[in-house]
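The structure under discussion appears below in the form of structure tokens.
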Amino acid sequence: FEPVQIDQLFKHNGTRALRRFPELFTRALRITWRAAPLHLVSTSILQILAGVGLAVEVLLAKQVLMVMLGEHGPVTVHGALPYVIALALVTACLQFATTASMEISRVLSGLVEQYAIGQVVEAATGVDLLDYERSSFHDALQRAQAAAITRPVQMVNGLTGMIGTLAGKIDAGQRSE
């Protein structure tokens with residue numbers, strides 16, 4: 001692990017191409033992993049479970065509608081009751097997973113913010129005092145301070161959200177076949 005220079009932390013580059021996404025995501029994931037690996041894994045698992053649960057919820061709602069429309073024979077309460085109970089249970093589990101994920105994400109955000117600010121401080125204290133006279137260094141330091149607070153967690157939460165969504169779509173696609 002080599003020390004990071006302040007100019008390298010959040011270097012501003014005029015090109016914001018999609019091809020930079022893997023590098024930026026990898027950097028954000030690395031920062032988040034170093035700050036709070038358990039929280040990152042917990043949030044990711046809950047997001048995946050929520051995605052799969054959403055797909056199950058949609059499929060159960062479809063079954064309830066099919067029973068209520070008489071596609072499985074005569075419409076009876078006994079025919080729809082198992083699907084309604086399963087739908088209620090899945091919905092309750094999804095609500096719990098969403099609430100738990102939000103709370104863990106709040107803690108994760110605080111831990112990542114603390115770690116990233118520590119990295120900025122470490123990089124800022126390791127430079128020559130003359131560097132503080134350069135406006136470009138001062139600007140880079142301010143950008144790094146601002147970005148250290150929110151950007152890594154935003155990217156990782158975005159990706160774990162995408163993972164959950166993809167898991168739900170894949171699950172729904174497999175179950176509908």
Side-chain angles (χ1 to χ4, degrees), residues 1-57 90-172:
F1 179 66
E2 57 185 73
V4 178
Q5 298 296 319
I6 193 70
D7 293 335
Q8 295 172 337
L9 270 179
F10 295 97
K11 200 174 2 178
H12 179 63
N13 189 345
T15 62
R16 297 191 185 267
L18 187 59
R19 67 179 181 264
R20 288 189 56 212
F21 177 76
E23 174 197 347
L24 294 173
F25 173 74
T26 302
R27 185 182 297 172
L29 185 61
R30 191 176 322 124
I31 290 170
T32 306
W33 180 259
R34 287 182 184 151
L38 179 64
H39 293 82
L40 176 62
V41 170
S42 300
T43 301
S44 299
I45 289 171
L46 286 170
Q47 289 285 347
I48 290 170
L49 290 175
V52 171
L54 187 59
V56 170
E57 190 176 42
V90 169
T91 302
C93 289
L94 276 175
Q95 187 62 43
F96 173 77
T98 301
T99 303
S101 179
M102 285 178 11
E103 293 304 315
I104 292 171
S105 289
R106 285 184 188 156
V107 173
L108 177 65
S109 296
L111 292 171
V112 170
E113 178 183 338
Q114 182 180 17
Y115 176 82
I117 288 173
Q119 291 293 302
V120 170
V121 168
E122 185 178 314
T125 56
V127 298
D128 189 21
L129 289 176
L130 290 175
D131 287 332
Y132 282 94
E133 297 297 324
R134 292 184 305 139
S135 63
S136 61
F137 174 80
H138 187 266
D139 292 345
L141 180 60
Q142 292 230 314
R143 279 195 309 274
Q145 287 172 334
I149 294 172
T150 57
R151 296 234 173 113
V153 172
Q154 286 175 344
M155 283 195 68
V156 172
N157 282 343
L159 186 75
T160 56
M162 287 188 328
I163 290 170
T165 301
L166 288 173
K169 287 185 181 279
I170 290 169
D171 187 53

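Arg106 is linked by a salt bridge (charged side-chain N to carboxylate O under 4.0 Å, His left out) to Glu103, counting only residues two or more places apart in sequence or in another chain. Glu23 pairs by the salt bridge (charged side-chain N to carboxylate O under 4.0 Å, His left out) definition with Arg27, not counting sequence neighbours. Applying the side chain to side chain donor-acceptor pair (under 3.5 Å) rule to Thr91 yields the partners Glu57; only residues at least two apart in sequence or on another chain are considered. The side-chain contact (heavy atoms from CB on, under 4.5 Å) check on Tyr132 picks up Ala124, Val127, Leu129, Phe137, Leu141, with sequence neighbours excluded.
Note that OG1 of Thr32 is 11.0 Å distant from CZ of Arg34, once rounded to the nearest 0.5 Å. A distance of 13.0 Å separates CD in Glu113 from CD1 in Ile31, rounded to the nearest 0.5 Å. To the nearest 0.5 Å, atoms CD1 (Ile117) and OH (Tyr115) are separated by 13.0 Å. To the nearest 0.5 Å, the span separating OG on Ser109 from CD1 on Ile104 amounts to 12.0 Å.
Nearest heavy atoms, Leu111 versus Ala36: CD1-CB, 3.6 Å.
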What pairs of donor and acceptor atoms, side-chain ones from residues 42-52 against any protein atom, are under 3.5 angstrom apart with sequence neighbours left out?
{"residue": "Ser42", "atom": "OG", "partner": "Leu38", "partner atom": "O", "Å": "2.8"}
{"residue": "Thr43", "atom": "OG1", "partner": "His39", "partner atom": "O", "Å": "2.9"}
{"residue": "Ser44", "atom": "OG", "partner": "Leu40", "partner atom": "O", "Å": "2.9"}
{"residue": "Gln47", "atom": "NE2", "partner": "Ser101", "partner atom": "OG", "Å": "3.3"}

